[in-house]
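Reviewing the structure listed below.
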Amino acid sequence: MDKLELLQRVFGYPQFRPGQEELIDGVLSGRDVFGIMPTGGGKSMCYQIPALLLPGITLVISPLISLMRDQVMALKAAGISAAYINSTLNGAQIQAVYRNLLAGQYKIVYVAPERLDYAGFGNVAAKLSISFVAVDEAHCISQWGQDFRPSYLRIVNFIDSLPYRPVVGAFTATATKQVREDVERILRLRNPVRTVTGFDRPNLYFAVIQPERKDKVLHRLLAARKRKSGIIYCATRKSVETVCEDLRSRGYAATRYHAGLPEEERTANQEDFLYDRKTVMVATNAFGMGIDKSNVSFVIHYNMPKSIEAYYQEAGRAGRDGAEADCILLYSGADVYTARFLIDKSASENEEMDEAQREMVRKQDLARLDAMVSYCKTKTCLRGYILEYFGQKHLEICGNCGNCKDGFETVDITKESQMILSCVKRVHDRLGYWVGTGLICDVLRGSSMKRIRDSGLDGLSTYGLLKDRGRSEVRGMIDQLEAEGYLSTEQEHMTLRMTALAGQVLYEGKTVQMRVAVEPEEPAPVSGAVKPMEEDKELFESLKELRSKLAKDAGVPAYVVFSNATLVDMAKKKPKTMSQFRKVSGVGEIKAAWYGTAFLKQIQRFMDENQEEG
Ligand code: ADP
Ligand code: ZN
């Protein structure tokens, strides 16, 4: 099999992303490589595909324990035998991995950098034929980077200790010049193939808000993002506790993560989030390193982080599957003091460095903080600011950030609100139970779905009242009514109910306003973002449900079954046969064999149910 066949048949992607092919070709031809790609750019493919094509073993060095576990799980799901070695395994488990390694059972093995120093590992490594050493998160080798790890300095010794030198590849998302030079020099890359792919993530929307009350704004932001998965980053453990508690008391499925929690709780909470049992993760920056959850649809910073590097990395955890996602920073002047305090504290506590190193790192950190504060204050394009910081060319106006979007206007939606509320009431009166937001939208928009005709909902006086409005517009108004307390969603069954307050709008003349984005005159620049068509959204939701069920049965996170981007493509293509199913982006042979029938059936059922007559 060649590299493209592998990409298509094993991983299910039709083509390479920018930079991937050059790096893979480099490794296959025996050259060292240095890949600089933004988070989510697809670095892992650049070592996984060579690993499958080269003889012998590929060693991936990564500091990120959860990433190792996730990737090994994902590789196994794609039918590839892989393993990891890190401190989460006990002695017997590690011995078992060593035995399998020596027996030639793995093509890819992930190891933590500390492990390279262990005699036991060294002895095993000396007996293996290692063709390729891939150093992930390679910026950790540089003390100019935001995440210096002294254990990375010893990777070179390890490579030198091998009977012969394998091909070496370095991969990072940090692009500053100094870090690049350090990586090449310290890792002693030999005339590497270098690629720097664009740092732009067109599917991410960036905004900075400087609110009077952060908690109020947070409630508003979350009310508009119900059922979506997101991370809220706070600067301190204490604010993680406060924010998480507050959200829970408001009925959000929130969990928390910070270094002060017992290991067990951290693991449990992280898994709740990964497996979509909890939709909101409130955390310090201790959370997320190596988290490969692809369906995170917003990242809100409750406090300003310490650097653009940190911000872009944390915000970049949104929308990894290419779907549209929001990165919103809530800024206040007090954040600057907290950040300064944390910088001083971490400089004085770092025992791995001597005094001079510490002082240098502190100065660097303060300079980075300045750049971060300027980001919060700039009136120019936010995306442009970030790209500029990483030395990349960019458009003057991106059209998809808080500063480029001309802003918002307030519109009166009292009339529409009355229609929505009375529709919720009438549907309930007719059926005798509450239903979900989706069905309410369908009734208001006059859908001729079978379910609606069969239950006589098309005879209601509110049927079709908002037929000239878009589905997301109607949903947006419902969200607004929920945010204001006139409607509420019952979390267990996700049904929409009217509250006692609704009467004020229905009978007492209370008005309702909503802030909506002013649509730009010109079409937004073409982006790689995935935007599901209105009519496919419902199918997408039903495929998501099936995915949850299959993931639960298999005991893996939902995105290991298929990413959101794959489900979006599936909902668009609506495959009828297995060979059509195989053409969906992200569907490889193994996954098609495991899940194909279930998804095809679901699509068929959906199409039958929603067939319009006439
Ligand atoms: P990084 O390590 O650079 O942050 P990943 O390697 O985790 O990014 O890739 C991010 C996502 O993109 C993953 O879901 C991955 O499967 C997907 N991906 C990688 N290569 C491609 C490709 N050529 N086409 C489509 N999706 C891809
Ligand atoms: Zn912009």
Side-chain angles (χ1 to χ4, degrees), residues 39-40 66 201 203-209 211 214-235 239-258 269-305 310-331 400-402 472 475-476 479 482-483 489 491 494 529-530 532 540-541 544 548 557-559 563-565 567-568:
T39 309
S66 50
R201 302 270 312 274
N203 61 319
L204 298 186
Y205 168 83
F206 289 94
V208 177
I209 306 176
K214 288 188 179 180
D215 53 348
K216 288 248 165 82
V217 171
L218 183 65
H219 299 153
R220 190 164 57 72
L221 291 172
L222 290 184
R225 290 171 178 74
K226 262 186 238 102
R227 295 179 283 277
K228 292 193 170 162
S229 189
I231 307 174
I232 299 169
Y233 278 110
C234 301
S239 57
V240 167
E241 300 287 340
T242 322
V243 170
C244 185
E245 211 37 61
D246 173 47
L247 295 183
R248 278 185 190 160
S249 74
R250 284 163 191 277
Y252 286 101
T255 186
R256 57 185 186 170
Y257 190 105
H258 61 67
N269 293 354
Q270 174 169 320
E271 303 227 314
D272 278 347
F273 181 63
L274 293 181
Y275 286 76
D276 296 319
R277 293 188 288 258
K278 295 281 164 64
T279 50
V280 179
M281 169 57 89
V282 187
T284 61
N285 61 4
F287 176 76
M289 262 301 214
I291 298 293
D292 191 15
K293 184 176 165 65
S294 65
N295 62 343
V296 174
S297 82
F298 61 88
V299 172
I300 296 174
H301 278 75
Y302 202 72
N303 304 102
M304 178 188 67
Y311 181 62
Y312 206 50
Q313 188 173 53
E314 288 159 17
R317 290 181 184 131
R320 287 175 69 126
D321 57 5
E324 294 197 349
D326 300 328
C327 308
I328 300 170
L329 196 162
L330 307 184
Y331 167 76
N400 190 27
C401 79
S472 57
R475 263 188 191 267
D479 283 343
E482 267 205 81
T489 297
Q491 290 296 324
M494 288 297 181
V530 181
F540 170 71
E541 292 297 331
K544 252 168 83 175
S548 303
Y559 59 83
S563 72
N564 278 2
L567 295 191
V568 167

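Side chains are part of it too, since the values below use all heavy atoms of this structure and drop only hydrogens, waters and symmetry mates. Just so it is clear, the structure is predicted and the values come from calculations on it, not from any experiment.
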field: Any residue meeting side-chain contact (heavy atoms from CB on, under 4.5 Å) with A207, in chain and number order, not counting sequence neighbours
entry: Y205, I328
query: Between OH of Y233 and CE of M281, what distance do you get to the nearest 0.5 Å?
result: 9.0 Å
- prompt: Yes or no on side-chain contact (heavy atoms from CB on, under 4.5 Å) for L247 and H219, after CA distance, side-chain angles and deciding distance?
  reply: CA-CA 8 Å; L247 295 183; H219 299 153; 4.2 Å; yes
Nearest-0.5 Å distance, OG of residue S66 to CG of residue L274: 7.5 Å
task: Taking the side chain as every heavy atom from C-beta outward, state whether N269 and K278 have any atom pair closer than 4.5 Å.
output: no
- prompt: Taking all non-hydrogen atoms of both residues, which atom of A235 and which atom of N303 are closest, and how far apart?
  reply: N-OD1, 2.8 Å
- prompt: Does NZ or CZ of R250 fall inside the cone over Y252's six-membered ring, less than 6.0 Å from its centre and within 45° of the axis?
  reply: no
task: Evaluate the ring planes of F287 and F273, with Trp represented by its six-membered ring, and classify them as parallel (under 30°), tilted (30 to 60°) or perpendicular (over 60°).
output: perpendicular
task: Could you pull out the closest heavy-atom pair between Y559 and S294, with the gap in Å?
output: CB-OG, 3.5 Å
query: Going through the distances and angles, do S548 and D276 end up as a side-chain contact (heavy atoms from CB on, under 4.5 Å)?
result: CA-CA 8 Å; S548 303; D276 296 319; 5.7 Å; no
- prompt: Between N285 and Q313, is any pair of side-chain heavy atoms under 4.5 Å apart?
  reply: no
message: Once rounded to the nearest 0.5 Å, what's the spacing between atom CD1 of I231 and atom NE2 of H301?
response: 9.0 Å
- request: For V240 and Y302, run side-chain contact (heavy atoms from CB on, under 4.5 Å): C-alpha distance rounded to whole Å, both residues' side-chain angles, the deciding distance at 0.1 Å, then the answer.
  value: CA-CA 9 Å; V240 167; Y302 202 72; over 6 Å; no
Which atom of V243 lies closest to which atom of C234, heavy atoms considered: CG2-SG, 4.1 Å
- request: Report yes if the side chains of L218 and P211 come closer than 4.5 Å at any heavy-atom pair, otherwise no.
  value: no
task: For residues L329 and M304, determine if any side-chain heavy atom of one lies less than 4.5 Å from a side-chain heavy atom of the other.
output: yes
- request: Check whether any side-chain heavy atom of R225 sits under 4.5 Å from a side-chain heavy atom of D326, and report yes or no.
  value: yes
query: How long is the gap from CD on E541 to CG on L567, to the nearest 0.5 Å?
result: 10.0 Å
message: Minimum heavy-atom separation for N203 and A323, please, with both atom names.
response: ND2-O, 2.8 Å
- line: Rounded to the nearest 0.5 Å, the CG atom of D321 sits from the NZ atom of K293 at a distance of 10.0 Å
task: Starting at CZ of R320, measure out to CZ of R317 and round the result to the nearest 0.5 Å.
output: 8.0 Å
R201 (side chain) donor-acceptor with G319 (main chain) under 3.5 angstrom: yes
- prompt: Do the side chain of R256 and the main chain of E241 share a donor and acceptor less than 3.5 angstrom apart?
  reply: no
query: Can you check whether L222 reaches I300 side chain to side chain, under 4.5 Å on heavy atoms?
result: yes
